[in-house]
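Written below as structure tokens is the structure these notes are about.
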Amino acid sequence: MGRNIKKEILFKSFEIMSTAKDHQITCEVPTEPLLQALKSAASASEMSIKLAKRSNTAVLCFQMEAETRQGKRLEITHDLRIKLLRVQESNELKEPMCPPPDIHIVLPSLAKVRTVLERMARLSSHVRISASSEGNLSFEIVSDGVAAEAVWSGLSIPELPAQSSEETEASDPFSQKPYYSVTVPIRSVLKFFAGTAISAATFATICADYCLILHVHIEDDNDGGTLSIYIPAFLEGDN
């Protein structure tokens, strides 16, 4: 699940040519090698990314220049194997169908949340995340006689889209159910937090016992675009 990001946010210059409509090229990129390539660029003054072919295999070529402690210039190249998608395959990519969200909540310090999740991951493979309209957020695990919970309070609650009068009468989202919860794999949440250093604004959406959606605003003014990740709920009986 994702969102469009303005290319001006990511690139100083951008050029693309394709036979597809709007010169759009869609590809599948393995996340772990991508993260390694981007980490290599942390100390680089500039990096270029090119779509290339190596032995009839499509790759994203990351080229960058860095400086060693001795002041020497060092050229670094990463070739990341990718899969180019046909237009039909690209058109079949759809965002997951979700019920109306029960609550949005702005997340606390991502470094603190990540530390808590890493500790919980040593004890359990799943975490139950709960949020209330009063700005309370809890992460809870119960596994093999071990129980642990982390709680934050006073968090901001973005407003949900306005409901019709019939919907409001049928279900007041806060008076009938003060907390909304979902159980998800801890590792899936940790993967999200591994790539959120570029953002100062991150919030979560909970569809109770259905899914968790995590959102990252690329810029503080929220105008650069948003990345979203959909994590389905873990239900009793799932493998």
Side-chain angles (χ1 to χ4, degrees), residues 1-3 5 31 35 96 98-163 171-236 238:
M1 187 173 188
R3 294 289 188 273
I5 302 173
T31 54
L35 183 59
C98 300
D102 292 303
I103 191 168
H104 302 306
I105 187 166
V106 176
L107 296 177
S109 165
L110 300 186
K112 293 181 180 179
V113 173
R114 183 164 52 241
T115 299
V116 168
L117 286 172
E118 287 173 346
R119 292 175 178 174
M120 287 183 167
R122 300 169 189 165
L123 305 173
S124 176
S125 59
H126 296 83
V127 59
R128 188 156 184 81
I129 300 176
S130 304
S132 77
S133 60
E134 296 179 348
N136 298 319
L137 176 70
S138 73
F139 287 12
E140 181 182 13
I141 61 169
V142 177
S143 176
D144 297 330
V146 177
E149 184 179 18
V151 179
W152 292 268
S153 60
L155 302 176
S156 299
I157 303 293
E159 292 185 5
L160 289 167
Q163 293 178 307
S171 176
D172 183 340
F174 296 140
S175 65
Q176 295 185 15
K177 190 174 184 181
Y179 274 89
Y180 294 92
S181 305
V182 62
T183 301
V184 292
I186 292 181
R187 293 297 177 188
S188 297
V189 185
L190 280 173
K191 285 182 179 179
F192 169 82
F193 284 117
T196 53
I198 56 174
S199 173
T202 306
F203 68 98
T205 296
I206 293 178
C207 299
D209 293 324
Y210 190 90
C211 71
L212 171 71
I213 306 174
L214 299 168
H215 312 269
V216 179
H217 291 305
I218 301 304
E219 287 198 330
D220 291 343
D221 60 7
N222 299 339
D223 191 40
T226 303
L227 286 175
S228 301
I229 180 172
Y230 169 93
I231 304 177
F234 173 82
L235 303 176
E236 291 296 333
D238 289 351

- Message: Using 0.5 Å steps for rounding, measure from the NE2 atom of His126 to the CZ atom of Arg187.
- Response: 12.0 Å
- Message: Just verifying a value: how many Å separate Ile129 CD1 and Glu140 CD, rounded to the nearest 0.5 Å?
- Response: 11.5 Å
- Query: What pair of heavy atoms forms the shortest contact from Asn136 to Ile105, and how long is it?
  - Reply: O-CD1, 3.7 Å
- Note on the structure: side-chain contact (heavy atoms from CB on, under 4.5 Å) filter on Thr31, not counting sequence neighbours, yields none
- Message: Tell me the closest heavy-atom pair linking Tyr210 and Cys98, and the distance in Å.
- Response: CE2-CA, 4.1 Å
- Message: Looking at every heavy atom in both Ile186 and Ser124, which two are closest together, and how far apart are they?
- Response: CD1-O, 3.4 Å
- Query: Does Cys207 reach the side chain of Val182, with side-chain heavy atoms less than 4.5 Å apart?
  - Reply: no
- Message: Rounded to the nearest 0.5 Å, what separates atom CZ in Phe234 from atom OG1 in Thr183?
- Response: 8.5 Å
- Query: Which residue pairs pass the salt bridge (Lys or Arg N to Asp or Glu O under 4.0 Å) test when at least one of the two sits in residues 125-139, sequence neighbours left out?
  - Reply: Arg128-Asp209
- Message: Can you give me the closest heavy-atom contact between His215 and Thr202, atom names plus distance?
- Response: O-CG2, 3.1 Å
- Query: Below 4.5 Å, heavy atoms only, C-beta onward: do Pro158 and Val106 meet side chain to side chain?
  - Reply: yes
- Message: Go through it in stages, so that I can follow the logic: the residues are Leu190 and Arg114, the test is side chain to side chain contact (heavy atoms under 4.5 Å, CB included), and I'd like the CA-CA distance, side-chain angles, deciding distance and then a yes or no.
- Response: CA-CA 7 Å; Leu190 280 173; Arg114 183 164 52 241; 4.2 Å; yes
- Atom pair CD (Glu149) and CE (Met120), whose distance is rounded to the nearest 0.5 Å: 7.5 Å
- Query: Which atom pair, heavy atoms only, marks the closest approach of Pro232 to Val184?
  - Reply: O-CG1, 3.8 Å
- Message: Apply side chain to side chain contact (heavy atoms under 4.5 Å, CB included) to residues Ile206 and Leu212 and explain how you reach the verdict.
- Response: CA-CA 5 Å; Ile206 293 178; Leu212 171 71; 4.0 Å; yes
- Item | Residues Ile213, Cys211; criterion side chain to side chain contact (heavy atoms under 4.5 Å, CB included); working and verdict | CA-CA 7 Å; Ile213 306 174; Cys211 71; 4.0 Å; yes
- Least distance between heavy atoms, Thr205 atom then His104 atom: OG1-ND1, 2.6 Å
- Query: What is the distance from atom CG of Leu137 to atom CG of Leu155, rounded to the nearest 0.5 Å?
  - Reply: 6.0 Å
- Message: With side chain to side chain contact (heavy atoms under 4.5 Å, CB included) as the criterion, how do Leu214 and Leu107 come out once you've worked through the C-alpha distance, each side chain's angles and the decisive distance to 0.1 Å?
- Response: CA-CA 9 Å; Leu214 299 168; Leu107 296 177; 4.2 Å; yes
- Atom pair CD1/NZ of Ile231 and Lys191 - distance to nearest 0.5 Å: 10.0 Å
- Task: For Ser130, check side chain to side chain donor-acceptor pair (under 3.5 Å) against everything at least two apart and list the hits.
- Result: Ser181
